[in-house]
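None of the values given here were measured: they were computed from a predicted structure.
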Amino acid sequence: MTVFNAVIFKPLFHGCGDPTNKPVLSRVVGGEDAQPNSWPWQISLQVARDGSWFHTCGGSLIDQRWVITAAHCISSKNIYRVALGKHVLSASEEGSMFVDVEKTFTHENYSYDIALVKLAEPVPLTDKIELGCIPPAESILVNNYSCYISGWGLLQAGGSVSDVLQQALLPVVDYPTCSLLTWWGPFVKESMVCAGGDGVVSGCNGDSGGPLNCQNAEGAWEVHGIVSFGSALCSHKNKPTVFTRVSSSSLCSLFNLALNV
């Protein structure tokens with residue numbers, strides 16, 4: 001715990017969560033194209049296959065050398081790289097870059113769907129590549145708190161992956177509600193956070209590992225969640241997207257493991 005707080009938390013609370021290109025926040029129903037580079041900590045985790053690279057999951061840059069994503073996105077059989085500063089995945093974009101992955105770490109407790117990705121080299125911070133903030137330890141968002149999911153996931157169940165970064169408003173659903181049997185019941189733990197559930201907007205395949213972006217009282221954006229699971233239909237009434245809660249102790253213990261290997 002001491003190593004984690006001293007080495008990692010300190011830089012994350014300075015110069016994070018304040019994008020140069022501000023997000024255009026909308027309350028329209030359904031996802032929409034994000035303002036380019038308005039979620040500059042959003043990364044695309046890409047896997048090598050048959051000589052090409054393919055988007056597999058999202059993630060968040062929280063340090064110049066570290067990305068957080070979902071553990072279920074990581075397999076020892078795969079070779080990964082991280083795309084940063086991207087808006088349109090298929091386009092050659094000025095200011096974007098691709099960085100090899102040095103090592104990945106997953107939590108020893110598989111009920112925590114969280115992984116750390118160590119980049120092969122520190123990335124320069126620019127107006128297109130910036131850090132997301134980590135929320136204070138054990139902070140819990142109140143019911144209906146406005147947050148935004150971002151990612152390149154499927155636009156609908158069975159559909160195609162979006163080439164353009166999407167964003168959508170997902171209000172938080174508190175644990176007492178999300179754990180009701182008519183919602184997610186025992187599948188949801190207190191180490192998770194739920195958001196959405198209106199049957200219209202949700203995360204979908206390809207959004208896994210990406211952030212739940214929530215603005216704090218000082219105006220900084222914090223990554224409160226890592227997309228973990230949702231309905232197979234993507235959008236289903238009373239089945240909100242479920243995220244690993246970043247403020248839980250799981251991230252702290254995982255960083256301690258990574259820094260001591």
Chemist: If we ignore angles and hydrogens, is there a donor and acceptor under 3.5 Å between the side chains of Asn213 and Ser150?
Modeler: yes

Chemist: What closest approach, in Å, do Asp113 and Ala71 show between heavy atoms, and which atom pair accounts for it?
Modeler: OD1-N, 2.8 Å

Chemist: What about the rings of Trp41 and Trp221, do their centers lie closer together than 6.0 Å?
Modeler: no

Chemist: Is there a donor-acceptor contact under 3.5 Å from the side chain of Ser162 to the main chain of Gly151?
Modeler: no

Chemist: Working to the nearest 0.5 Å, report the span between CG of Leu25 and CD of Gln215.
Modeler: 7.0 Å

Chemist: Between Val172 and Asn143, is any pair of side-chain heavy atoms under 4.5 Å apart?
Modeler: no

Chemist: Scan for salt bridge (Lys or Arg N to Asp or Glu O under 4.0 Å) pairs involving residues 75-97, sequence neighbours excluded, and state none if there are none.
Modeler: Lys86-Glu93

Chemist: Is there a path of hydrophobic side-chain contacts, each under 4.5 Å between heavy atoms, that joins Ile74 and Val82?
Modeler: yes

Chemist: Do Asn37 and Leu165 come close enough that some side-chain heavy atom pair is under 4.5 Å?
Modeler: no

Chemist: Is there a side-chain contact between Val47 and Trp53, using heavy atoms and a 4.5 Å cut-off?
Modeler: no

Chemist: Ignoring hydrogens and geometry, is there a side-chain-to-backbone donor-acceptor pair from Ser179 to Tyr175 under 3.5 Å?
Modeler: yes

Chemist: Check this for me: Phe98, atom CZ, are more than 12 non-hydrogen atoms of other residues, nucleotides or ligands nearer than 6.0 Å?
Modeler: yes

Chemist: How about CG on Leu180, more than 12 heavy atoms from neighbouring residues, nucleotides or ligands closer than 6.0 Å, or not?
Modeler: yes

Chemist: Working to the nearest 0.5 Å, report the span between CD of Glu130 and CG of Asn21.
Modeler: 7.5 Å

Chemist: Using 4.0 Å as the upper bound for N to carboxylate O, is an ion pair formed by Arg245 and Glu190?
Modeler: no

Chemist: Decide whether Phe229 and Phe243 are clustered together by the hydrophobic rule: side chain heavy atoms of Ile, Leu, Val, Met, Phe, Trp, Tyr closer than 4.5 Å, transitively.
Modeler: no

Chemist: Please tell me whether Asp163 and Ser90 have a donor and an acceptor in their side chains that are separated by less than 3.5 angstrom.
Modeler: yes

Chemist: Distance to the ring centre below 6.0 angstrom and angle to the axis at most 45 degrees; does that hold for Lys239 and Trp183?
Modeler: no

Chemist: Hey, what's the ring geometry for Phe105 with Trp66, parallel, tilted or perpendicular (30° and 60° as the breaks)?
Modeler: tilted

Chemist: Can you find a heavy atom in the side chain of Tyr112 that is under 4.5 Å from one in the side chain of Ser191?
Modeler: yes

Chemist: Less than 4.5 Å apart, side chain to side chain, heavy atoms only: is that true for Asn238 and Asp198?
Modeler: no

Chemist: Which atoms form the tightest heavy-atom contact between Ser247 and Pro136, and what is the distance?
Modeler: CB-O, 3.4 Å

Chemist: Go through the structure and list residues passing ring-ring contact (aromatic ring centres under 6.0 Å, His included) with Tyr80, not counting sequence neighbours.
Modeler: none

Chemist: Which heavy atom of Pro211 sits nearest to which heavy atom of Gln42, and what is that distance?
Modeler: CD-OE1, 3.1 Å

Chemist: How far apart are the closest heavy atoms of Leu181 and Pro186, and which atoms are they?
Modeler: CD2-CD, 4.1 Å

Chemist: Could you report the tightest heavy-atom contact between Ala120 and Val99, atom names first, then the distance?
Modeler: N-CG1, 4.1 Å

Chemist: Check Ile134, Ile43, Val117 against Ile68 for a side chain to side chain contact (heavy atoms under 4.5 Å, CB included) and give me the one that passes.
Modeler: Ile134

Chemist: For salt bridge (charged side-chain N to carboxylate O under 4.0 Å, His left out), just list the numbers for Glu121 and Arg65, CA-CA rounded to whole Å, side-chain angles, deciding distance to a tenth of an Å, and then say yes or no.
Modeler: CA-CA 6 Å; Glu121 58 185 292; Arg65 196 89 187 263; over 6 Å; no

Chemist: Just wondering, do Leu45 and Cys73 contact through their side chains at under 4.5 Å, heavy atoms?
Modeler: yes

Chemist: So which atom in Ser38 and which in Gln167 form the shortest heavy-atom distance, rounded to 0.1 Å?
Modeler: OG-OE1, 4.5 Å

Chemist: If you measure only the distance, is there a donor-acceptor pair under 3.5 Å linking the side chains of His72 and Ser228?
Modeler: no

Chemist: From Cys147 SG over to Glu222 CD, what is the distance, rounded to the nearest 0.5 angstrom?
Modeler: 9.5 Å

Chemist: Could you tell me whether the side chain of Asn144 reaches within less than 4.5 Å of the side chain of Pro171, counting heavy atoms only?
Modeler: yes

